[in-house]
Each structure stands twice: as structure tokens, then as C-alpha cells.
Amino acid sequence: FGGFNFGGADATTRLTMDEQSVVKMFDTCTPSVVFITSYRNAQDQLTLRQENYPSSAGSGFVWDKEGHVVTNLHVVDGADSVQVTFMGTVSIDAKVVGIDPDTDLAVLKLLPSAPEFRSSPPTASQASGQMF
């Protein structure tokens, strides 16, 4: 491809200091990014039982070690229950504790039912202090 080098060890040595800082911040913050699933209760038309069905999904990030998660309001608006999944493996129930419709933001609080939360991932507020 016209002399372009698309890989190899020397590709990382050509990164500027700013680019290396961005890569480091990404590596540090990635564990705090979460997948959010909202559920609504509805009656199953076949069995007539109340069931919990996924109604929307989106992303968010862990804000602090107290278990606050920031996401978009439209992801959790009208949800009967919310679940937060870390790195595709650990899921923890959460509740909506704050909303701002004007900015489409919502704050969730992880419910303390899972022991995995005790070893919380780095938060976005911690990692941003490393770069700025």
C-alpha cells in the first residue's frame, strides 16, 4: 500500500505524548464503561403472567466508588427495573436516583447486592484527573 506501515512494533513508538496520554486514559477508563438494560413489566398474552421484558438499552459510565452511574435519560425513562453490565460479564441491578430531562441525563445507583462491586473499576472522574 504505497509504503504505509499498518502495524508492527514501531507504530507505537511514533505516537506523540498527547496520543500516548489518550491511549493510557482509554485503557484506564474502559472498565468503567457499562452496558445498561432497562426492563418494563408487561403481561404475557399467552400465559397471562406478569413478565419483565427488556425495553431499551444503552451505555453509561461509573462516576464514583459509591456506585453512581451516569447514562442518558431516554435509556431508563419509564423503566420498572434497570440492570448494569460490566465488561459483558457481571450484571448488577440499579435504580434511578436522579434525572435531568433538559440534558437527557440520568444518574443510577448500583444496588449493593453483588459482592463483585466491592472491587470497583476505575471511575471516569479518577481517570480524567490523570490527563488534565
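- With contacts defined as side-chain heavy-atom distances shorter than 4.5 Å, the pair L73/L105 does not qualify.
- Remark: the backbone N or O of V75 is paired with a side-chain donor or acceptor of S38 at under 3.5 angstrom.
- Scanning both residues, R40 and G78, for their nearest heavy atoms gives NE-O, 3.1 Å.
- In this structure, the side chain of T85 does not engage the main chain of V90 through any donor-acceptor pair within 3.5 Å.
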Problem - Stepwise side chain to side chain contact (heavy atoms under 4.5 Å, CB included) check, Y39 with D80 - result: CA-CA 6 Å; Y39 296 89; D80 293 311; 5.8 Å; no
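- Contact of the K95 side chain with the V97 side chain is registered, since non-hydrogen atoms from C-beta on lie closer than 4.5 Å.
- What you find for Y53 and D44 is that their closest heavy atoms are OH-OD2, 3.2 Å.
- The structure places CD of Q43 at 10.0 Å from CD of E51, a figure rounded to the nearest 0.5 Å.
- Using a 4.5 Å cut-off on side-chain heavy atoms (C-beta onward), E19 and R14 make no contact.
- When every heavy atom of V62 is checked against every heavy atom of D64, the shortest pair comes out as CG1-O, 3.4 Å.
- By the criterion of side-chain heavy atoms lying less than 4.5 angstrom apart, applied directly or through intervening Ile, Leu, Val, Met, Phe, Trp or Tyr residues, V69 is grouped together with I99 in one hydrophobic cluster.
- When all heavy atoms of L111 and A94 are compared, the closest pair comes out as CG-CA, 4.0 Å.
- By the side chain to side chain donor-acceptor pair (under 3.5 Å) test, D100 is found to be paired with T103, residues two or more places apart in sequence or in another chain being considered.
- When every heavy atom of A57 is checked against every heavy atom of F35, the shortest pair comes out as CB-CZ, 3.5 Å.
- Of the candidates V82, L108, L110, L110 is the only one forming a side chain to side chain contact (heavy atoms under 4.5 Å, CB included) with I92.
- I36 CD1 to Q83 CD: the interatomic distance, rounded to the nearest 0.5 Å, is 11.0 Å.
- Other residues, nucleotides and ligands contribute at most 12 non-hydrogen atoms within 6.0 Å of the CZ atom of F26.
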